[in-house]
Amino acid sequence: MRAFKARMKYGHCTLFMNSSVRLRFAPSPTGFFHIGSARTALFNWLYARHTGGTFVLRIEDTDLARNTPEALHVLYAGMRWLGLDWDEGPEVGGPYGPYFQSERGDIYKDYLEILRKTGRVYDQDGAVYFKVSGEVQVITDLIRGRVERLEEKDFVIFRSDGTPVFHFVNVVDDIAMKITHVVRGEDHLSNTSKHQELFKAFGAPVPEFAHLPLILKTDGPGKMSKRDRGSLVEEYINRHFLPEAVVNYLCLLGWSPKENREILPIKTIVDLFELTAINKNNAHFDAQKLVFMNAEYTRALPLEDLVARVKPVLTEAGLLEGYADGYLKEVLAIAQEKMRGIEELPVNLKSFFSDDFEYDAAAKEKVFKKGDPKARLHELKGAFALLREFNEESLEIAVKALAEEHGVSTGEYIHPARLAVSGMGIGPSFYGLLRVIGRDRVLKRIDDFIQVM
RNA sequence: CUCCCGUUCGUCUAGCCUGGUCUAGGACACUGGAUUUUCAUUCCAGUAACAGGGGUUCGAAUCCCCUACGGGAGACCA
């Protein structure tokens, strides 16, 4: 039913109500949600939604020390922020639970018994070892093709303290949860020979494998680590990125729609996504491109949506007190076209909501360098006071008239006035800025600025 | 050290499977210009790549081999 809903949601043909495709994302809660993990989750989710299959969230919390409620919260919050809803798993349940490995001890014991009966394990130093077959494992990977690897040494599947190890629980759960496609990072490719041996030892069908390329540091060696700037989903949440932009960017790291189009709605990506179209080579993380995408998405947002998303951010910054929603909407209506992200708003839009703002030093220096800004501001004051209407049209006419009268460029009015009114050298359309700030505040701010010149 | 994976503009990629249409396309970034006789937008233009060497072939970015480089894995971590 869940799969059916997913199909309806994304407008697929519903010839088949669901499919037997089952994918899982199996993170261990570490307290961080790494961008690489997020991409793995995303690709699993995409393929589940593409096929109308089932997306399972399984928590690999066998490392009890790191398994805290806070760590789980970070994970759920990140998943939900990215829009990666799971069909089975914590908080939603499902027929193959429990979905925490820490609660599946009995299942692991049962599976161990199977291996004991078939003579594939032995005990040594208190630990249980799995006997490898000695056969070369031919792994068929949807992304990499045929990969051969020989697992040479027997390996531990139960520690001497009685707890099972990753390779064992991972495979057992994939069997028990009827996972058909294992989509994970390439760092697991070398483990796959172990896993395939286990699948075969259990007499279970070997799932399809798809090993994703890794996300490498922007510069410098190695893969992104949690210490690298930009490597955590939390960071993008805190910086008020639009999740759809982050998702779109992540989709393009290792996958491409192959049609010279990059900004794609998730619905389209779900339609086009194929595991076999994923690249083999690792990709460097490019924060600049993500920022660009975020800007594109931000500017394309319907105004109402933008207002809704900005409101809590400016409220938190303490800027919205005493202002009606309508005013915020007016401000954003003129600011949106040049926005790069919501993150910059508490600073860039401060002067719309507060008289307590600083004058940008660089802009100030630039303004003082040219012409006679003081005289220009006095002229503006006079002209603004006389205007019948205080709107874009009348303001533009007035400024242009002054410029012509005094034989200077409008820039000589605009630069100092923008600085006086907003404290900044850059910003929304100048005439819109004046209109929204309003005549009284504009005049007062020009006065104030003249005082400090 | 061993095993596995990879290598197209600075970065993400298209093309590679099914050799000729590739004087290698798009995007970010960068540079220049236009518009806004401001700017963060928008528009236009430009710089820039098939890792190297050997084959196969009439012809190779595309197929094969070697080298180099990059990445990953080698735990009673996950």
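Throughout, protein chains are lettered first and strands after them, A, B, ... in sequence-line order, and every chain is numbered starting at 1. All heavy atoms count here, side chains included; hydrogens, waters and symmetry mates do not.
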Are [X] and [N] close enough that a side-chain N or O sits under 4.0 Å from OP1 or OP2?
X: A:His284; N: B:C12; value: yes
X: A:Lys194; N: B:C4; value: no
X: A:Thr62; N: B:A78; value: yes
X: A:Lys258; N: B:A14; value: yes
X: A:Arg159; N: B:A78; value: yes
X: A:Asn281; N: B:U8; value: yes

Kindly point out which of [options] is positioned nearest to the side chain of [X]?
X: A:Arg299; options: B:U41, B:U38, B:C76; answer: B:U41
X: A:Ala403; options: B:U13, B:U37, B:A29; answer: B:U37
X: A:Ile426; options: B:C5, B:U13, B:A40; answer: B:A40
X: A:Arg149; options: B:U38, B:C3, B:G71; answer: B:C3
X: A:Phe166; options: B:A78, B:U38, B:C5; answer: B:A78
X: A:Val165; options: B:A78, B:G71, B:G25; answer: B:A78

So, under a plain 3.5 Å distance rule, would you say the side chain of [X] forms a donor-acceptor pair with the base of [N]?
X: A:Asn170; N: B:A78; value: no
X: A:Ser190; N: B:C3; value: no
X: A:Glu262; N: B:G26; value: yes
X: A:Lys289; N: B:A27; value: yes

(request) Return yes if a side-chain donor-acceptor contact under 3.5 Å exists between A:Tyr108 and A:Asp173, otherwise no. (result)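 Judged by distance alone, the side chains do pair up.
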(request) Given ring pair (Phe, Tyr, Trp, His ring centres under 6.0 Å), test A:Phe384 with A:Phe390 step by step and report yes or no. (result) CA-CA 8 Å; A:Phe384 287 171; A:Phe390 200 77; 5.8 Å; yes
(message) Would A:Arg435 and A:Glu330 count as a salt bridge (Lys or Arg N to Asp or Glu O under 4.0 Å) here? Give the steps.
(response) CA-CA 10 Å; A:Arg435 191 205 86 227; A:Glu330 266 191 285; 3.0 Å; yes
(message) Can you tell me how far apart NZ (A:Lys226) and CD (A:Glu234) are? Round to the nearest 0.5 Å.
(response)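 These two atoms lie 11.0 Å from each other.
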(message) Suppose we define a pair by two distances each less than 3.5 Å, Watson-Crick or G-U wobble; what does B:G20 pair with here?
(response)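 Here B:G20 is engaged in a pair, and the nucleotide opposite it is B:C58.
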How is [X] classified with respect to the nucleic acid when contacts are heavy atoms under 4.0 Å: base, sugar-phosphate, or nothing?
X: A:Glu412; answer: nothing
X: A:Gly185; answer: nothing
X: A:Gly411; answer: sugar-phosphate

